[in-house]
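This report concerns only the one structure given below.
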Amino acid sequence: MKNSLSISGPSSSSSSSSSNQSSLTGTFRSLSFSTNLSHNVFSKGYLSMSMTQMPTRLFVVCEAAPMKKPDSAAKRARQAEKRRIYNKSRKSEIKTRMKKVLEALDVLKKKPEAQAEEVLPIENLIAEAYSVIDKAVKVGTLHRNTGARRKSRLARRKKAVEIHHGWYTPSPAINAS
């Protein structure tokens, strides 16, 4: 016996090969595994192989299965893990900056002879915290209402310290009616 390799597709319609072809249809496999092969020859996507035995050698026939499409769930899991780590870092930075501002405001509030100029470095810390919060909202780490609430918390605490020391006096509301 000798090695037999034939390439055939659904277009071949000879009467003698149709019975042979129907018996081999179970062994046909799609050749979508290589883009280097001739497209015209393999565009039909079938390859049939017959069993071969030679007296002196044994042959092992390996079938090329079509390349499995990457699992989209696994890819989404990888992406979610990347985002989780990135978001965790952003949220941690926001908490750290807010904590620094709130601690500085508490120290200033407890200081009996504080000056109004001592608020300026704290205002710089607040500006940095606002920037980090706004960036987190922009990329979707925080909801915009959460970002607004945290910024408002910082502003209210600053205003409370200024009112406590007498540096800020709220103006009376003027009614237009």
Side-chain angles (χ1 to χ4, degrees), residues 26-47 60-177:
T27 61
F28 287 3
R29 297 287 181 250
S30 173
L31 289 178
S32 62
F33 58 87
S34 177
T35 57
N36 296 332
L37 298 175
S38 171
H39 181 69
N40 292 335
V41 173
F42 294 112
S43 64
K44 303 299 181 199
Y46 297 120
L47 175 71
V60 177
V61 177
C62 297
E63 293 182 359
M67 191 175 212
K68 184 180 175 190
K69 187 175 179 182
D71 192 9
S72 60
K75 182 178 179 182
R76 294 298 272 174
R78 286 193 309 269
Q79 290 173 339
E81 181 64 16
K82 274 186 194 174
R83 279 195 312 273
R84 185 188 70 80
I85 292 169
Y86 179 75
N87 291 343
K88 184 178 176 183
S89 168
R90 281 234 187 230
K91 287 180 182 181
S92 174
E93 184 181 4
I94 290 169
K95 289 176 189 173
T96 302
R97 293 200 185 253
M98 286 186 67
K99 188 176 179 182
K100 284 183 180 180
V101 170
L102 296 176
E103 286 176 354
L105 287 171
D106 285 343
V107 168
L108 187 62
K109 188 173 185 176
K110 291 177 183 175
K111 199 171 185 181
E113 297 177 11
Q115 300 297 318
E117 295 82 28
E118 293 180 41
V119 176
L120 295 177
I122 296 174
E123 286 179 348
N124 289 337
L125 289 175
I126 291 173
E128 290 172 3
Y130 278 11
S131 175
V132 171
I133 290 169
D134 287 337
K135 286 177 185 174
V137 168
K138 186 174 94 175
V139 298
T141 301
L142 287 182
H143 191 273
R144 66 174 181 246
N145 292 354
T146 305
R149 184 179 67 245
R150 291 186 181 183
K151 287 165 55 174
S152 173
R153 185 178 297 159
L154 295 176
R156 281 184 293 143
R157 190 71 65 91
K158 178 185 165 222
K159 186 183 269 188
V161 169
E162 289 176 338
I163 289 172
H164 175 75
H165 285 293
W167 304 326
Y168 177 84
T169 54
S171 60
I174 300 172
N175 292 336
S177 57

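In this chain, residues are counted from 1 in sequence order.
Taken to the nearest 0.5 Å, the CZ atom of Arg157 stands 12.0 Å off from the CD1 atom of Ile122. In this structure, CG on Leu154 lies 12.5 Å from CD on Glu123, to the nearest 0.5 angstrom. The CG atom of Leu102 lies 8.5 Å from the CD1 atom of Ile126; values are rounded to the nearest 0.5 Å. In this structure, the separation between CZ on Arg150 and NZ on Lys95 is 7.0 Å, given to the nearest 0.5 Å. Separation of atoms CD1 (Ile94) and NZ (Lys135) is listed at 11.0 Å; rounding is to 0.5 Å.
When Gln79, Arg84, Arg83, Arg78 are each tested for a side chain to side chain donor-acceptor pair (under 3.5 Å) with Glu81, only one passes: Arg84. Looking at Val101, Leu108, Val119 one by one, the single match for side chain to side chain contact (heavy atoms under 4.5 Å, CB included) with Lys158 turns out to be Val119.
The minimum heavy-atom distance between Ala155 and Tyr130, with the atom names listed, is CB-OH, 3.4 Å. Taking both residues in full, the closest heavy atoms of Val137 and Gly147 are given as CG2-CA, 4.0 Å, listed atom of the first, atom of the second, then distance.
Between Lys159 and Glu162 there is no salt bridge, since no side-chain nitrogen of the basic residue lies less than 4.0 Å from a carboxylate oxygen of the acidic one.
Residue Lys100 qualifies as open at atom NZ: its count of foreign heavy atoms under 6.0 Å is 12 or below.
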Note to self: As a quick check of understanding, evaluate side-chain contact (heavy atoms from CB on, under 4.5 Å) for Arg90 and Leu142, giving each step before the final call.
What the structure shows: CA-CA 9 Å; Arg90 281 234 187 230; Leu142 287 182; over 6 Å; no
Test His165 against Val161 for side-chain contact (heavy atoms from CB on, under 4.5 Å), laying out the working first. CA-CA 6 Å; His165 285 293; Val161 169; 4.0 Å; yes
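In this structure, the side chain of Glu118 engages the main chain of Gln115 through a donor-acceptor pair within 3.5 Å. Remark: the backbone N or O of Ala127 is not paired with any side-chain donor or acceptor of Ser131 at under 3.5 angstrom. The backbone N or O of Asn145 sits less than 3.5 Å from a side-chain atom of His143, completing a donor-acceptor pair.
Side-chain contact check for Ile133 versus Arg97: every heavy-atom pair is 4.5 Å or farther apart.
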